[in-house]
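Okay, structure first, notes after.
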Amino acid sequence: MPTELTFTAPRRAKPPRHLADLDAAERAEVVSELGERPFRAKQLARHYFGRLERDTERMTDLPGATREALGAALLPELLTSVRHIACDDGQTRKTLWRAFDGVLFESVLMRYPDRNTLCVSSQAGCGMNCPFCATGQAGLTRNLSTGEIVDQVVAVARDLERGEVAGGPGRISNIVFMGMGEPLANYRRVLQAVRRITDPVPDGLGISQRGVTVSTVGLVPAINRMIEERLKVRLAVSLHAPDDELRDELVPVNTRWKVAEVLDAAWRYAGETGRRVSIEYALIRDINDQAWRADLLGRLLAGRLAHVNLIPLNPTPGSKWTASRPEDEREFVRRLESHGVPVTVRDTRGQEIDGACGQLAARA
Ligand code: SAH
């Protein structure tokens, strides 16, 4: 019997309202309710999204009293950075955040010669319970608000722009919803965050939709809903097994939506958006890395608008599983390629700082 799955977070105090939670019209409304002139809404948004300014004190073009009132209403301090830890000569940097209610979560910045990618969290913890993932082991604490998601990006983008990260000043070009949480279980807030991240300044950060990836365990109704948004963001599906028997164990939500249904939804997404779907597959020694499974996966994906991202399993506390042998990994790649399926092996960035895929546990 499949266990009952609930995607709703336990009831808790809500994060304070922030301008990133609101669209331009809603921001203007709040400003006029405060008795301020409507253009102030745009001015504030330009500071936050355009200049990456999170502190109203530094918005010196606003009169003092206005600054205080608007700051309290629209720019409360959402996230405190508890610490940064870096590796790869500072090219990979993980930040631990504390929210207004003490809840902890993480983001990871990865710098490459041609891009800067920020991996953001959409929930504190995760309710999907995949046994090989450290985030899943602790369960779900709560959904993050749109503001809490966007503020991870704004805070890191600011550090990067001001040259406070090793490697010199830079800009964030890519956002991946691959940090803590299941983004599609926090659908409305995540989609709003995608809008704020990709809308042009002053309504958003102006990062290209093509540079944004939303990764999911495969919540089929939410994928269908996402198709209707008419966005150009990339969809990644954490598949990890081509057969229901094994996937039921590795990705427990599979008891609700089977491999075939998840892939159907993925192909519809690809068809509607024209964007190749990323199939995520953590290679786990002697569990899902057999040659026959590679062939089965190859047959499922052949001729589809898809690309496989193999992730050598990253170690997590208490897990009995480990990464595949190099020869098995090579054979897996070879078999997929023989079906004409494009495949890459993801680097294991951030392992030494527990910042790689599946390792985010937000320990204080
Ligand atoms: N919940 C979403 C977003 C998380 S993305 C999702 O599952 O897609 C994080 C990715 O890392 C997922 O593909 C996840 O399955 C994978 N992952 C989790 N634990 C891992 C581990 N120990 N080693 C490698 N990849 C892992």
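In this chain, residues are counted from 1 in sequence order. Computed from heavy atoms alone, side chains included, the values below leave out hydrogens, waters and symmetry copies. Atoms within a ligand are numbered from 1 in the order they appear, just like the ligands themselves.
Using a 4.0 Å cutoff on heavy atoms, W321 does not count as a contact of ligand 1. The closest approach between H240 and ligand 1 falls below 4.0 Å for a heavy atom of the residue.
Looking at E280 next to ligand 1, no N or O pair under 3.5 Å apart turns up.
Close approach of ligand 1 to T316 is summarised as follows: ligand atoms under 4.0 Å from at least one heavy atom of the residue are 22 (N). If you number the atoms of ligand 1 from 1 as listed, the ones under 4.0 Å from a heavy atom of T216 come out as 6 (C), 8 (O). For ligand 1, the atoms lying closer than 4.0 Å to a non-hydrogen atom of C133 are 18 (C), 19 (N). Atoms of ligand 1 found under 4.0 Å from any heavy atom of F177, numbered from 1 in the order shown, are 3 (C). Residue V217 has at least one heavy-atom neighbour below 4.0 Å for each of these atoms of ligand 1: 6 (C), 7 (O), 8 (O).
The shortest contact between atom 17 (N) of ligand 1 and any protein heavy atom is with F132 CE1, 3.7 Å. Regarding atom 9 (C) of ligand 1, its nearest protein heavy-atom neighbour is M178 O, 3.7 Å.
Using a distance-only test at 3.5 Å, with no hydrogens or angles considered, no donor-acceptor pair links the side chain of D203 to the main chain of D23. Counting only distance, with no hydrogens or angles, the side chain of R285 and the backbone of T322 share no donor-acceptor pair below 3.5 Å.
Of the listed residues (C357, G136, C130), the one carrying the non-hydrogen atom nearest atom 25 (N) of ligand 1 is C357. The closest non-hydrogen atom to atom 1 (N) of ligand 1, taken over C119, C126, G181, comes from G181. Among G179, A282, G358, S238, the residue whose heavy atom sits closest to atom 13 (O) of ligand 1 is S238.
Note that R293 lies outside the cation-pi zone of Y281, set by a 6.0 Å cut-off to the ring centre and a 45° limit from the axis. Both cation-pi conditions hold for R115 and Y112: the charged atom is under 6.0 angstrom from the six-membered ring centre and inside a 45 degree cone around its axis.
With H47 as reference, D61 is the one residue of T56, D61, D55 to meet the side-chain hydrogen bond (donor to acceptor under 3.5 Å, both in side chains) rule.
Centroid-to-centroid, the aromatic rings of H18 and F100 stay 6.0 Å apart or farther.
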Compile the donor-acceptor pairs under 3.5 Å between side chains in residues 167-180 and protein atoms, sequence neighbours left out, one pair per line.
residue	atom	partner	partner atom	Å
S173	OG	N116	N	3.0
S173	OG	N116	O	3.2

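The residue T135 has no part lying near ligand 1, judged by heavy-atom distances below 4.0 Å. Of all the heavy atoms of L313, the ones lying under 4.0 Å from any atom of ligand 1 are found in both the backbone and the side chain. Residue contacts with ligand 1, taken as heavy atom pairs separated by less than 4.0 Å, involve N314 via backbone and side-chain atoms alike.
Under the 30°/60° scheme for interplanar angles, the aromatic rings of W321 and F132 are found to be tilted.
Note that CG of D88 and CD of E352 are 5.5 Å apart. Values are rounded to the nearest 0.5 Å.
Under the rule for a side-chain contact (heavy atoms from CB on, under 4.5 Å), the partners of S208 that lie at least two apart in sequence or sit in another chain are R210.
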